Colleague: 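Below you'll find the structure I mean.
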Amino acid sequence: MTAAPLILLVEDNPDDQELTLLAFQRGGFSNPIVVAQDGVEALDYLFSSDAGDASAPTETLREPTSLAERPPHQLPTIILLDVQLPRINGLEVLQQIRSHPRTRLIPVIILTTSNEQQDLLTSYELGCNSYIRKPVDYNEFLNVIHQLGLYWLFINTSPILQ
Amino acid sequence: MWDALQHLFFPTQYIPHGHCYLWQTPLVLLHLFSDLLIGLAYFSIPVLLIYFVYKRHDVPFSNVFILFGTFIVLCGTGHLLEIWTLWHPAYWLTGIEKAATGVVSFYTALQLNQLLPQFLALRTPEELEAINRELQAQIAISTTAHQKLQQSQLALHQLNEQLELKVTERTAELALANYRLQENLRLLDSVIESIPDPVFLKDCEGRYLLLNTATSDVIGRPKTLILGHTDDQLFPSDIANLLMHRDRVVINSGKTQIFEDEILQHRTIRTFLATKRTWQDEDGTVKGVLGIARDITDRKLAEQTLQERERFLRTIGDNIPNGFIFQIVRELNGSYRFTYVSAGVERIYGVKPEAVLADAGLLFNKLAEADLAYFIQQQEESARNLTDFDVQVREQLLEGSRWIRIRSTPHRLADGRVAWDGYRFDINDLKQTEETLRQSEARLRLVLENMPVMLDAFDENGNIIVWNQECERVTGYTAEEVTHNSQVLKLLYPNLNYRQQMIRNWQKQGNNYRNWEWDLVSKSGEVKTIAWSNISDRFAIPGWASWGIGVDLTSRKQAELEIVLLNQTLEQRVNQRTAELSAANQELEAFSYSVSHDLRAPLRGIDGFSQILQDRYGNQLDAKGKHYLERIRAGTQRMDELIDDLLMLSRVTRTEIRRESVNLSAIAQEICQSLHAAQPDRSVEWVIESTISGMGDARLLRIVLENLFSNAWKFTSTQAQTQIKFGTISSNDAPLTYFIQDNGVGFNMAYVNKLFKAFQRLHSEREFCGTGIGLAIVQRIVHRHGGSVRAEGTVKQGATFYFTLG
């Protein structure tokens with residue numbers, strides 16, 4: 001079977017994790033979502049982590065196993081990446097994604113609270129595909145997630161083979 | 001040659017004459033014999049002619065005979081050649097011979113033509129015989145006359161001998177008389193030669209008869225060339241005419257006359273005084289003019305020079321302004337008498353010089369009473385010692401007292417009296433100037449003495465001679481202690497090395513120094529730094545060999561030292577502060593960054609979960625519960641706005657400004673459109689100048705305009721008709737001012753100072769929403785551009801915001 005397009009959400013704030021997952025749910029998207037708590041987890045997942053049962057929606061990857069033991073797992077169709085992350089921050093994660101042949105074509109959508117000009121410019125320089133500022137108003141946020149999902153998961157054609 | 005002759009005598013191309021006669025023998029013979037006969041006859045005639053001429057030598061015209069002979073021989077030759085041509089056609093030869101005959105015969109005819117009159121004049125023998133008879137008669141008469149002549153000659157000879165005898169006797173008498181005359185002449189000559197003046201004697205026709213060497217010197221010729229000549233031969237015509245005229249005057253009047261004549265001698269004009277009288281013989285008949293002349297040129301010149309000298313002296317004397325020259329004599333009895341005063345005396349006193357000469361008292365009376373005794377004492381002393389008399393005294397005139405100076409030099413006359421030659425002139429102005437100068441000098445002295453600048457002056461020997469009050473105040477040494485004190489430098493500069501160094505530099509520098517700083521030690525032991533400037537060269541003061549001014553820099557120096565120290569610490573403090581600021585800035589940046597994330601993230605949580613709560617559990621809440629949830633959400637959204645504005649304020653502070661020319665009109669138009677688009681129902685009149693531009697950061701200026709326009713938009717929302725203006729005010733001495741004016745609610749000017757402070761609001765949130773940060777952002781951006789911003793407003797009558805961009 002062809003696996004449903006996978007979403008990798010890199011977000012350290014549990015509130016935002018929950019609100020984002022809720023928003024996807026409210027938007028009617030049933031795609032599996034892998035959540036990485038920080039940059040290290042995100043990179044682990046992409047390059048060496050065990051994705052487990054990729055078909056099952058996963059809220060967290062709490063206990064990553066060692067790189068060698070993990071079977072190859074499904075690559076995400078899109079990555080929703082926060083900028084401000086513990087350990088390795090989002091911009092660094094983006095840089096590594098873009099520098100690795102396996103991951104460099106994956107669409108990366110920066111989803112952040114920051115409206116610092118510097119963050120925006122650096123993100124684009126490093127090759128993000130979209131930069132979205134999270135609105136505080138939840139209704140607006142729902143709208144943003146809905147449109148984002150619609151576009152990237154259905155309208156847009158991803159270079160990642162499903 | 002031979003060929004030519006052959007050709008001439010034996011030609012072949014022509015036909016011989018005989019051929020013309022058809023060779024008929026009788027005809028040929030007729031011609032032959034006729035020609036032969038003519039030829040013989042013609043040849044014989046010349047022979048007869050030659051014989052005739054030979055026999056008769058007296059026959060004239062032998063040439064004609066020769067011509068005839070030649071011409072006949074040629075004719076004869078022609079006939080003989082006729083015979084030759086009978087057989088030989090030598091026609092060229094006969095032609096030439098005929099030509100020769102023609103020439104000679106023609107010439108002969110010409111000769112005959114000329115000689116014809118002579119032929120006609122030839123006397124006949126009868127005439128000659130008559131002439132001969134007449135001649136015989138005349139010879140007879142002549143012989144008689146010759147005999148008579150011989151008798152007369154004898155008588156004449158006898159008479160001659162008698163005459164000769166008489167002449168010899170008379171000659172002896174004349175020789176004696178001549179000898180005596182010569183003696184007299186020599187005597188006369190030596191007499192007149194001994195006279196140094198020119199002496200001369202002329203006859204009535206003006207011829208020089210006698211003259212001495214002096215005369216010949218004047219005339220410029222040797223005597224021999226003068227004697228017998230007249231003046232018009234010796235002098236230029238004008239002089240000669242004059243001299244001869246004078247001679248005639250003497251002759252006509254018969255009296256002795258004296259004349260002054262100018263005569264050119266050796267190219268210079270010399271004046272002679274000539275005395276002329278008539279020269280008469282024993283009968284009283286005037287025979288001529290006797291004259292003696294004297295050269296008076298030098299005497300005249302001397303007289304003239306003397307006159308010139310006197311006139312010169314008189315002119316000078318008479319032209320002395322406010323003065324006169326004089327000669328005064330002290331008589332043996334002690335009284336004074338003027339012997340000369342120049343004309344100035346009349347101009348000054350209105351008294352004639354003659355009156356003064358008559359009465360010296362006229363002048364002595366003018367002297368001021370107070371000076372009279374002094375004057376006389378000086379005069380007497382000068383008379384006694386023959387020393388120059390020189391006094392300055394006052395005169396009491398009607399218009400007041402005036403200073404005069406009298407100066408004269410005495411000399412003793414042969415009779416013991418004393419005479420002074422001198423002059424008197426007015427020195428009142430001089431005296432007044434002197435007085436003014438003295439006063440001005442005193443004032444200057446007072447100023448110098450009291451000015452708050454040190455002033456010292458040195459004499460030629462290097463001693464201080466002036467030490468003003470400021471010097472005394474600064475150094476503590478009084479003028480008495482310092483002036484004329486050769487040890488003064490030791491007092492002021494007690495350190496030996498320092499003093500010697502100063503003196504050395506001073507000697508090297510001379511008077512050429514300005515603001516030259518040296519430390520002196522005051523009487524109380526304080527070190528004072530003085531900046532000395534020498535101004536002797538610019539303001540030379542007589543008697544002050546070198547002088548200068550000094551300024552006490554001690555307190556200024558200390559202040560400078562403090563400033564230097566302060567500057568050093570200041571720099572340190574600035575560095576420290578900069579480092580602190582830089583650190584603070586970094587902190588602020590980190591703070592802002594975290595605010596934008598960390599402060600906002602929980603907000604989204606609150607809002608999000610409130611929304612979810614409302615959505616999912618709204619039906620379990622009563623109206624009050626729902627209201628609270630609403631309030632929670634409103635609070636979070638306001639908080640979000642505040643965070644946004646704060647971040648904006650922080651960002652405009654930190655952002656680097658990139659200046660460029662910005663089209664503010666275009667930006668304003670865009671802002672207006674977007675504002676209007678948000679509330680399309682509002683009735684609004686935008687008045688935006690079309691060409692407003694400014695130098696600045698385009699992004700930041702857009703923020704300024706956005707804030708000001710949205711303020712205007714916001715605070716006019718209650719107006720039925722909104723009016724918003726954007727324009728500029730330019731003036732010469734101020735930078736371009738931009739303004740945005742609205743007709744909104746305005747504000748009370750009492751609160752104008754609060755407007756631009758962050759979070760300061762003049763209206764309640766209920767009236768007009770807002771964070772109170774917008775104008776703070778505007779002010780910060782404008783300040784960062786080096787400009788200023790201010791507001792004017794009246795409650796309910798709108799507000800105007802002005803800003804400049806530096």
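The analysis underlying the following values was restricted to heavy atoms, covering all of them including side chains, and did not include hydrogens, waters or symmetry mates. Throughout, a chain's letter reflects where its sequence line sits, starting with A, and its residues are numbered from 1. Computed from a prediction, not measured in an experiment: that's the story for all the values here.
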Colleague: Measure A:Asn13 against the heavy atoms of chain B and call it side chain, backbone, both or neither at under 4.5 Å.
Modeller: side chain
Colleague: Are there residues of residues 79-91 of chain A whose heavy atoms fall under 4.5 Å of chain B's heavy atoms? If so, which?
Modeller: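 Only A:Val83, A:Gln84 of residues 79-91 of chain A have a heavy atom under 4.5 Å from chain B.
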Colleague: Which answer fits A:Pro14, side chain, backbone, both or neither, if we ask what part of it has an atom under 4.5 Å from a heavy atom of chain B?
Modeller: neither
Colleague: Is any side-chain heavy atom of B:Met639 less than 4.5 Å from a side-chain heavy atom of A:Val136?
Modeller: no
Colleague: Heavy-atom cut-off 4.5 Å, strictly under: side chain, backbone, both or neither for A:Glu18 against chain B?
Modeller: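 Just its side chain gets close to chain B.
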Colleague: Would you mind checking which part of A:Asn139 comes under 4.5 Å of any heavy atom in chain B, side chain (CB onward), backbone (N, CA, C, O), both or neither?
Modeller: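 For A:Asn139, backbone and side chain are both near chain B.
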Colleague: Please assess A:Phe141 against B:Asp607 for the test side chain to side chain contact (heavy atoms under 4.5 Å, CB included), listing each intermediate value before the final yes or no.
Modeller: CA-CA 10 Å; A:Phe141 185 70; B:Asp607 191 70; over 6 Å; no
Colleague: Crowded around B:Tyr617 OH? As in, over 12 foreign heavy atoms under 6.0 Å?
Modeller: no
Colleague: Please determine whether a side-chain nitrogen of the Lys or Arg among B:Arg604 and A:Asp16 lies less than 4.0 Å from a carboxylate oxygen of the Asp or Glu.
Modeller: yes
Colleague: Between B:Asp640 and A:Lys134, does any NZ, NE, NH1 or NH2 come within less than 4.0 Å of an OD or OE carboxylate oxygen?
Modeller: no
Colleague: Restricting to pairs with a member in residues 576-585 of chain B, which pass salt bridge (Lys or Arg N to Asp or Glu O under 4.0 Å), not counting sequence neighbours?
Modeller: B:Arg577-B:Glu580
Colleague: Heavy-atom cut-off 4.5 Å, strictly under: side chain, backbone, both or neither for B:Ile606 against chain A?
Modeller: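 No part of B:Ile606 comes within 4.5 Å of chain A.
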Colleague: Say you draw a straight line from CG of A:Leu22 to CD1 of B:Ile612; how long is it, rounded to the nearest 0.5 Å?
Modeller: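 With rounding to 0.5 Å, CG (A:Leu22) is 4.5 Å from CD1 (B:Ile612).
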Colleague: Can you measure from OH (A:Tyr138) to CZ (B:Arg633) and round to the nearest 0.5 angstrom?
Modeller: 10.5 Å
Colleague: Report, as yes or no, whether the 6.0 Å neighbourhood of atom CZ on B:Arg659 holds more than 12 heavy atoms from other residues, nucleotides or ligands.
Modeller: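 Yes, CZ of B:Arg659 has more than 12 neighbouring heavy atoms, counting only those of other groups under 6.0 Å.
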